[in-house]
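Numbers restart at 1 for each chain; the letters A, B, ... are given by sequence-line order, proteins then strands. Small disclaimer: the values here were computed from a predicted structure and weren't measured.
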Amino acid sequence: MLLLLARWRWWLAFPVVLVAVAASTAAASWELVVVLQEGTQVYRLGSWAPSIGIEYVVDLLSAFVAVIVTSVSMLVIIATRRIAEREAGDRLGAFYGLVLLLLAGLTGMVVTGDLFNLFVFLEISSLAAYALVFQGGRPAMLAGYRYLILGSIGGSFYLLGVGFLYFTTGTLNMADTAAALALDASARSVQAGAIFIFVGLGLKMALVPLHLWLPDAYTHAPSSVNSLIAPVMTKVGAYAMMRMFISVFPDGYLTNVVPIADALLLLGLIAIVFGAIVAVAQRDIRRMLAYSSIGQIGLIAVGIGLATPLSFVAAQLHLMNHAVMKATLFLSAASVRLSTGLTDVSDLTGMGRRMPGTMAAFTLGAIAMVGIPPTAGFFSKWYLVQAGVESGQWVVVAVVLASSLLSAVYLFRVLEHIYLRPAQPDAAHAPVVIPQGGSNDEPADAGESPADVIAPALLLGAATIVLGILNSWIVINVLDRAGL
Amino acid sequence: MIDEVAARFPFWMSGLLIAIGLYGMIGKRSLLKKLVGMNIFQSAIILFFIAGSIREDATVPILLEAGHGVAAANPADFVNPLPHVLMLTAIVVSVAITGVALAFLVRIHHEFGTTDEVSLLEQVRR
């Protein structure tokens, strides 16, 4: 539909997408309110009862994640309108079609209550993501292809795991599976299934030894794409992992019988350190943010891996915070690239004066990422440290604190370039040619990006502070009731 | 050992195919061969599911005398149809992925003139 519409009148594509995404944001928010008041909502597709039919189950956790995914991507879509027009050119319709497909897949993954349905949505969103990444020019082609191969290994492993569970329990419905496994989970096929599912979802959420697709994909994807994919894509993988812990496998199964929680904990810790250290060494700002994403995913994995109620709260809170922070940072980077075509950290010298709005947003995101108190990033790390203390895992405490320091190192290095170094002559760097360069209304050394790019970025940046202040409300009313 | 393999031949076969597919995806330099490896992997999973639906002496799951008043037939007489349906969906997914991957490959070949991973990486780095 959209594709045809866009062929007919290309400028209609953006408003239609915006209306669709705004509608789904509104629906998700309303759903969250309903779930808060009335408890878990169930929708049976075609009114077939579960175990035969597929059902959608929206509990607090999924409503919460759905709100994050839809609202963050709505802001990103608004902000990247100009960038997308310039990058996608006459394929704008296809571009927005893929964006909608991606969001449909992600929200589908969040609301579904069926293991196989989750696989289908997983592949839908991944397919759209592969195609979106692929559009970013020559290096992106290779990155996109590699992403496709690794991503489908992940999907296939997940499907294999689901197969093991299905042949043991005879059902694909999550609640029924949980009931069957609660009675008897001793079979070795269940263990095999758990491990396959863990590997598959670990690939999708870019947990450390399985992260190889992420840096290239985020670096070379078009700016409009990476600021959309980076905040939400891996988060939904992490959500699916939590879902396995909460509503598929019985309590304690993944901690005691199969040590998946320990594996998550260990890999998460490695990811935090690895992501931060490698990020310090990066010159390209998008690559730096990509490696920092790997580290932040590590934080979420540690939260899941500790597997206490408090650490789950921390993981969920960080899931939200990181989505908001990363959207802010990537949008700022995209805004710089839109106006100047520059992508290196050293190019940002003196930008504080030339693009004050963009850089203010970047600073907010960076402060939140480091975790300075009034911002959101502080509180999720705080809960994580508390959870670590509670369960006596002092390594977690040490690593989380060290990760703050390390992210301070790589982010403040950028801030130093932005604000403290004197501006250097512009001619030093030839601007990168953005593919499909549209009208040349903005020369390479233009000042600030247009307001509709900055406003959403600033809004997201402000959201990191607002969410930080509101965190106790969110934790008490939503997350405490959603967790284990 | 041999008895065990013979008794559950499809499962061992799908395990073998998964290993071959993974090797193809990871070990081969040509992007096209990686894609073939991926397809072998996915076929192995399809085989795994279908093999799981088999029952001894069972027949196709079609209820011949379906209608009101006819009691449900004994489920043990029929092959489990659900895995087949699931695999139909999985085949669609894998066809879609293969299609996208082939489209990527055509573009890559058009752009770089090769699908060999090592030389592609060299070209990108330059």
Side-chain angles (χ1 to χ4, degrees), chain A residues 51-52 54 98 101 105 114-117 119-124 126-135 137-168 170-172 189 192 196 199-200 212 216 219-220, chain B residues 11 14-15 18 21-22 24-26 28 31-35 37-53 75 80 82-83 85-87 89-90 92-94 96-112 115 117 120-126:
Chain A
S51 88
I52 295 177
I54 295 167
L98 287 171
L101 204 58
D114 185 278
L115 288 169
F116 189 77
N117 204 227
F119 165 74
V120 173
F121 279 125
L122 185 76
E123 290 299 346
I124 289 175
S126 305
L127 262 182
Y130 308 147
L132 284 172
V133 167
F134 194 76
Q135 293 177 349
R138 281 164 63 101
M141 290 183 179
L142 208 53
Y145 194 81
R146 193 174 270 182
Y147 183 17
L148 185 145
I149 293 287
L150 286 174
S152 46
I153 295 181
S156 305
F157 266 119
Y158 174 77
L159 181 59
L160 202 57
V162 170
F164 274 108
L165 286 189
Y166 172 71
F167 288 128
T168 315
T171 175
L172 287 164
S189 54
F196 277 125
V199 173
L212 290 169
D216 279 341
T219 309
H220 301 305
Chain B
F11 288 104
S14 69
I18 285 174
L22 264 182
M25 278 193 275
I26 296 166
K28 289 291 177 187
L31 294 186
L32 187 61
K33 285 183 181 165
K34 281 177 190 287
L35 181 61
M38 194 181 85
N39 270 316
I40 295 175
F41 195 136
Q42 284 164 340
S43 315
I45 291 172
I46 292 167
L47 176 64
F48 170 78
F49 267 82
I50 299 300
S53 72
N80 183 357
L82 190 61
V85 181
L86 295 180
M87 284 310 103
T89 317
V92 171
V93 169
S94 100
I97 293 179
T98 311
V100 171
L102 284 174
F104 283 10
L105 270 182
V106 170
R107 284 280 289 139
I108 287 176
H109 193 264
H110 188 72
E111 194 80 20
F112 295 92
T115 55
E117 193 176 26
L120 280 175
L121 281 174
E122 278 169 11
Q123 288 194 39
V124 168
R125 294 242 166 82
R126 243 189 293 126

- Message: Please evaluate residues B/Thr89 and A/Phe119 with respect to the criterion side-chain contact (heavy atoms from CB on, under 4.5 Å), reporting the C-alpha separation (whole Å), side-chain torsions for both, the decisive distance (0.1 Å), and the verdict.
- Response: CA-CA 10 Å; B/Thr89 317; A/Phe119 165 74; over 6 Å; no
- Task: Kindly indicate, with the supporting measurements, whether the criterion side-chain contact (heavy atoms from CB on, under 4.5 Å) is fulfilled by A/Leu142 and B/Phe112.
- Result: CA-CA 10 Å; A/Leu142 208 53; B/Phe112 295 92; 5.8 Å; no
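In this structure, the separation between CZ on A/Phe134 and CZ on B/Arg107 is 6.0 Å, given to the nearest 0.5 Å. Rounding to the nearest 0.5 Å places CG of A/Leu160 at 6.5 Å from CZ of B/Phe41. If you take NZ on B/Lys34 and CG on A/Leu150, they are separated by 8.0 Å, rounding to the nearest 0.5 Å. Distance check: B/Leu35 CG to A/Leu148 CG gives 8.0 Å after rounding to the nearest 0.5 Å. Here the CD1 atom belonging to B/Ile18 is positioned 8.5 Å from the OG atom belonging to A/Ser156, to the nearest 0.5 angstrom. Note that the CE atom of A/Met141 and the CG atom of B/Leu31 stand 12.5 Å from one another [nearest 0.5 Å].
In terms of heavy-atom proximity, A/Phe116 sits nearest to B/Leu86 at CZ-O, 3.2 Å. Across B/Pro83 and A/Phe167, no two heavy atoms sit closer than the pair CG-CE2, 4.1 Å.
Heavy atoms of B/Ala90 lying under 4.5 Å from chain A belong to its backbone as well as its side chain. Residue B/Gln42 touches chain A through its side chain alone, counting heavy-atom pairs closer than 4.5 Å. Both the backbone and the side chain of A/Tyr145 come within contact range of chain B, each with at least one heavy atom under 4.5 Å from a heavy atom of that chain. If you measure heavy-atom distances from B/Phe48 to chain A, the contacts under 4.5 Å come from both the backbone and the side chain. Both the backbone and the side chain of A/Phe164 come within less than 4.5 Å of a heavy atom of chain B.
Residues B/Leu82 and A/Tyr166 form a side-chain contact, since some pair of their non-hydrogen atoms from C-beta on lies under 4.5 Å apart.
Using a distance-only test at 3.5 Å, with no hydrogens or angles considered, no donor-acceptor pair links the side chain of A/Tyr130 to the main chain of B/Val100.
The greatest number of non-hydrogen atom pairs below 4.5 Å with chain A, out of B/Leu120, B/Val92, B/Ile26, is found for B/Leu120.
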